Engineer: 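Quick one: this structure, given as structure tokens, is what I'll be asking you about.
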Amino acid sequence: MHLYILDTGALLSQWTLKNPHFNFMTTQSVIDEIQNRPSKNRVQNLLSTDRLRIESPDADAIEMTEQKAREVGDYHVLSSEDLELVSLALWQKQLGHDVSVVSSDLAVLNTAAALGLSTLDPKRRMREEITWVLKCPGCRNEEPEGAINLECPVCGTIMRRKPKRKKKIKDSK
Ligand SMILES: [Zn+2]
């Protein structure tokens, strides 16, 4: 069975309506973020017809996802909800399911792709897998990754996030 792992943006969009035969999965924290009435009704309908299931990833999958997010430099821009969602996809893949992560969040898509997961962006923005670094606009010092608004350890300028490596990726659909 192919599972489509949905982030908040995907559940807020009309994307699920366009794919009435797909099976969806998400986390409780994503469900909790859905506040507007039409989206809540749509989610409720998907849950009651068993097309959407709520699961939590296991601890190993979370750890692997966090580690990969650090490697590619997305860790500090991912929320804990984002990390949990990507971990859920990884865990379901480990359980033997075909999965696609459905999101328009570039950090979610990038980390998922780096973990070898299929990704599907309803807005089709992501074309490349990116490894991020922090680069100092003052002295051009590079740091592997770190907090947003990190000061350059060499000259004290606020460092900027820049792509270090890019690799073309293919959407799963
Ligand atoms: Zn510097």
Side-chain angles (χ1 to χ4, degrees), residues 3-13 15 25-36 39 55-94 99-173:
L3 287 171
Y4 292 83
I5 312 290
L6 307 181
D7 79 347
T8 309
L11 275 171
L12 288 173
S13 77
W15 187 81
M25 187 176 280
T26 193
T27 60
Q28 185 60 49
S29 55
V30 164
I31 296 289
D32 293 344
E33 285 182 345
I34 309 289
Q35 296 299 335
N36 80 71
S39 299
E55 295 279 352
S56 330
D58 77 347
D60 283 353
I62 294 173
E63 202 174 298
M64 274 183 74
T65 302
E66 288 181 350
Q67 193 185 329
K68 185 58 77 177
R70 284 198 180 88
E71 275 173 40
V72 296
D74 283 320
Y75 184 76
H76 292 280
V77 294
L78 289 167
S79 66
S80 59
E81 289 82 7
D82 293 337
L83 280 166
E84 192 190 3
L85 188 83
V86 177
S87 304
L88 175 64
L90 178 64
W91 183 54
Q92 290 296 315
K93 192 185 177 192
Q94 288 168 347
V99 297
S100 298
V101 176
V102 184
S103 173
S104 294
D105 182 304
L106 293 181
V108 166
L109 294 170
N110 196 51
T111 299
L115 282 162
L117 297 164
S118 304
T119 58
L120 201 159
D121 177 3
K123 293 180 186 162
R124 303 287 169 105
R125 289 189 305 158
M126 177 158 152
R127 284 282 162 267
E128 291 162 323
E129 192 179 321
I130 302 171
T131 300
W132 294 93
V133 289
L134 292 174
K135 192 156 190 178
C136 175
C139 72
R140 317 201 74 71
N141 170 44
E142 269 186 23
E143 297 290 324
E145 73 115 25
I148 305 291
N149 294 329
L150 180 83
E151 285 180 12
C152 172
V154 178
C155 74
T157 309
I158 299 294
M159 301 194 75
R160 296 211 183 113
R161 226 165 152 251
K162 299 261 183 201
K164 183 185 181 104
R165 265 198 310 276
K166 291 184 178 182
K167 193 169 86 185
K168 292 269 179 220
I169 61 154
K170 276 176 74 180
D171 244 0
S172 62
K173 197 163 179 271

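Heads up: numbering here begins at 1 and tracks the sequence. Just follow the structure's listing: the first ligand is 1, and inside any ligand the first atom is 1. Since this is a predicted model, take the numbers as computed values, not measurements.
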Engineer: Under a 4.0 Å N-O cut-off, is there an ion pair linking Lys164 with Glu142?
Structural biologist: yes
Engineer: Keeping to distances under 2.8 Å, can you name the protein N/O/S atoms close to the Zn ion (ligand 1)?
Structural biologist: Cys136 SG, Cys139 SG, Cys152 SG, Cys155 SG
Engineer: Would you call Lys123-Asp105 a salt bridge at under 4.0 Å N-O?
Structural biologist: no
Engineer: For Glu81 and Leu78, indicate whether the former's side chain and the latter's backbone hold a donor-acceptor pair under 3.5 Å.
Structural biologist: no
Engineer: At what distance, to the nearest 0.5 angstrom, does OG of Ser39 lie from CD1 of Ile34?
Structural biologist: 6.0 Å
Engineer: Checking Glu63 now: which residues fulfil salt bridge (Lys or Arg N to Asp or Glu O under 4.0 Å) with it, not counting sequence neighbours?
Structural biologist: none
Engineer: Please determine, by modelled atom types, if Ser79 and Asp82 share a side-chain donor-acceptor pair under 3.5 angstrom.
Structural biologist: yes
